[in-house]
Amino acid sequence: MSRAIVHIDMNTFFVSCERLTNSELNGIPLIIGGGDRGVVASCSYEARKFGVRSAMPIHMAMKLCPQAKIMKGDMELYSRLSHEITEIIQEKAPVVEKASIDEFYLDITGMDRFYGSYRWTDELAQRITKETGLPLTFALSVNKTVSKIGTGEGKQKQNLEIPEHLVQSFLNPLSIRKIPMVGQKTFELLSRIGIRTIQTLSEMPAESLQQMIGKNGTELWKKANGIDNTPVEPYTERKSISTEHTFSQDTIDVLKLNRILQGMVEKLAYQLRAEEWLTSTVTVKIRYANFDTETKQSRVPYTSADHILTQTVTDLFTKLYQRRMRLRLIGVRFSGLVRGTYQIDLFNDTEEMLALYQAMDRMKTRYGFDAVMRCAGASFKPNNKDEILKRKK
């Protein structure tokens, strides 16, 4: 049996949420982002006509579209509406994967025998828009790759259904840029040898692709040929992420304690960005030598940036550690998590800061967490004995 996989994409989600609360924003070029040196988190279709795109520096976006209105953004509003959408989908769909704050995959295989897969999806989409007031686009096909590409095309051609026998004819004329795993460097590499359409890519030997771009070559060839067996992973919401450090000898060395806390923050913040989470609540925990345990927490604007979280943890620890007794354990927890499609808080951080985090994260992903660290936190060496990572569903 062919699978029936739906991809749902909420159209210009941040912009649509803002317009839901303020109708005066309808029909005008709108940019969601922060500060003159920040970057674009989202933009309206009216702004896109001028060439404005997500992750573009704000100053560049304003040169392209000087008449645009810039708003900082409200992650709490976006998170609440995303949660409402998730509940509606989970109530109806048998298997749901929440890929990001505004993007979902549904496996509705077998639905066509009872109701009709496209009709079922269309009615679900209408219900989401009716109950939330937010527009969306969906595509239905045999796997996640084709459905996601279909959603992108559907924004101009309305919602799409791409049955199995039409998959290749649908993909063939499209640019290789449409394949989710094709970034700018891969596009430039393939373009230099004349590969610009999915059809040309699909006709190229898989072995040649692997030689050109490495281990992802075969996977790219499969996607160009409409092959993707990746399952829809059932969605579960993570509630918090935390780490604790138990000392082999109790300590009162405040300088050492602060260094370890900074290393903990760097470790957890990297994990947040890798899994595309933002946190809104920071908690510091200490346990004294006599086993007395105290905690202190603080709310922060949604973020996954080390420099913001480190300052918050340092302030909390200073307020919390007043008894000057030896400590046997310290811990940090980030909670109040929401999904985000960006690696750091684009509403507050500059493009330089964004570039720095992206470069560090690439190195950590490729060579390991401790490949590049801030000097202050370098003394924190996670191991099985001293670090306990807790995942709470």
Side-chain angles (χ1 to χ4, degrees), residues 7-22 25 30-35 38-44 54-55 70-93 96-106 124-125 127-137 233-242 268-269 271-283 297-306 308-309 312 333-349 354 357 391-393:
H7 180 252
I8 294 178
D9 186 15
M10 306 306 298
N11 299 338
T12 58
F13 182 59
F14 293 173
V15 170
S16 298
C17 291
E18 296 292 348
R19 287 176 169 173
L20 197 63
T21 60
N22 184 359
L25 300 175
L30 183 62
I31 295 173
I32 309 295
V39 293
V40 176
S42 181
C43 59
S44 67
S54 296
I70 298 180
M71 300 185 66
K72 185 177 179 181
D74 184 350
M75 276 302 299
E76 291 194 28
L77 170 66
Y78 309 153
S79 176
R80 177 174 59 79
L81 290 171
S82 175
H83 184 68
E84 290 179 15
I85 296 164
T86 305
E87 287 187 330
I88 295 170
I89 295 174
Q90 286 185 316
E91 183 182 331
K92 293 291 184 181
V96 182
E97 177 181 333
K98 188 172 183 178
S100 70
I101 195 171
D102 61 349
E103 186 180 9
F104 304 83
Y105 289 100
L106 287 61
L124 174 63
R127 180 183 171 190
I128 293 170
T129 299
K130 181 179 179 181
E131 294 190 15
T132 67
L134 297 168
L136 61 87
T137 301
E233 300 286 351
Y235 169 73
T236 53
E237 187 72 80
R238 171 175 272 195
K239 300 300 182 183
S240 69
I241 179 173
S242 64
L268 293 180
Q271 191 171 348
L272 286 177
R273 295 191 297 273
E275 297 180 15
E276 295 187 338
W277 292 105
L278 299 172
T279 182
S280 62
T281 306
V282 178
T283 305
Q297 74 175 29
S298 175
R299 294 274 297 180
V300 296
Y302 284 103
T303 187
S304 59
D306 298 14
I308 296 173
L309 295 169
T312 303
R333 183 174 77 248
F334 299 150
S335 56
L337 305 183
V338 298
R339 278 290 186 186
T341 55
Y342 303 99
Q343 291 187 321
I344 64 173
D345 184 356
L346 297 186
F347 303 137
N348 294 314
D349 295 309
L354 173 61
Y357 278 109
R391 181 168 181 158
K392 298 180 179 178
K393 301 291 183 69

If you measure from CE on Met71 to CG on Leu30, what distance do you get to the nearest 0.5 Å? 6.5 Å

With sequence neighbours excluded, tell me which residues meet ring pair (Phe, Tyr, Trp, His ring centres under 6.0 Å) with Phe334. none

Only counting residues at least two apart or in another chain, list the ones meeting side-chain contact (heavy atoms from CB on, under 4.5 Å) with Ser16. Thr12, Leu134, Pro135

Residues passing the side chain to side chain donor-acceptor pair (under 3.5 Å) test with Glu233, sequence neighbours excluded, are none

How close do Ser304 and Arg273 get, heavy atom to heavy atom, and via which atoms? O-NH1, 2.8 Å

Separation of Thr303 OG1 from Ile308 CD1 (nearest 0.5 Å): 3.5 Å

By side chain to side chain donor-acceptor pair (under 3.5 Å), which residues pair with Gln297, not counting sequence neighbours? Thr283

Could you list the residues that satisfy salt bridge (charged side-chain N to carboxylate O under 4.0 Å, His left out) with Glu97, not counting sequence neighbours? Lys144

Can you measure from CD1 (Ile101) to SG (Cys17) and round to the nearest 0.5 angstrom? 7.5 Å

For Glu87, enumerate each residue passing the salt bridge (charged side-chain N to carboxylate O under 4.0 Å, His left out) test, keeping only those at least two apart in sequence or located in another chain. none

Looking at every non-hydrogen atom in both residues, tell me the closest pair between Ser44 and Arg19 and how far apart they are. CB-NH2, 3.5 Å

By side chain to side chain donor-acceptor pair (under 3.5 Å), Thr281 pairs with (sequence neighbours left out) Arg299

Nearest 0.5 Å, what's the CG-CD distance between Asp74 and Glu18? 6.0 Å

Thr132 and Leu20 have their tightest heavy-atom pair at O-CD2, 3.2 Å

Note, Met10 side chain near Glu103 side chain (heavy atom, < 4.5 Å): no

Kindly give the heavy-atom pair with the smallest separation between Tyr78 and Phe14, and that separation in Å. CD1-CD2, 3.4 Å

Can you list the residues that meet the side-chain contact (heavy atoms from CB on, under 4.5 Å) rule with Ser298, with sequence neighbours excluded? Thr312, Leu316

Ser280 and Met75: CA distance, side-chain angles, deciding distance, side chain to side chain contact (heavy atoms under 4.5 Å, CB included) verdict: CA-CA 10 Å; Ser280 62; Met75 276 302 299; over 6 Å; no

Hey, what do you get for CZ (Phe13) to CG (Leu136), rounding to the nearest 0.5 Å? 11.0 Å

Does any non-hydrogen side-chain atom of Arg127 lie less than 4.5 Å from one of Ile88? yes

Which heavy atom of Leu309 sits nearest to which heavy atom of Ala269, and what is that distance? CD1-CB, 4.1 Å

What residues form a side chain to side chain donor-acceptor pair (under 3.5 Å) with Thr279, not counting sequence neighbours? none

Is it the case that Thr137 and Asp9 place a side-chain donor and acceptor less than 3.5 Å from each other? no

Out of curiosity, Glu275 CD to Leu337 CG, how far, rounded to the nearest 0.5 Å? 9.5 Å

Of all heavy-atom pairs linking Ser240 and Ser335, the shortest is CB-CB, 3.9 Å

Contacts of Arg80 that satisfy salt bridge (charged side-chain N to carboxylate O under 4.0 Å, His left out) - sequence neighbours left out: Glu84

Could you pull out all residues at least two apart from Ala93 that satisfy side-chain contact (heavy atoms from CB on, under 4.5 Å)? Ile89, Val96, Leu106, Trp120

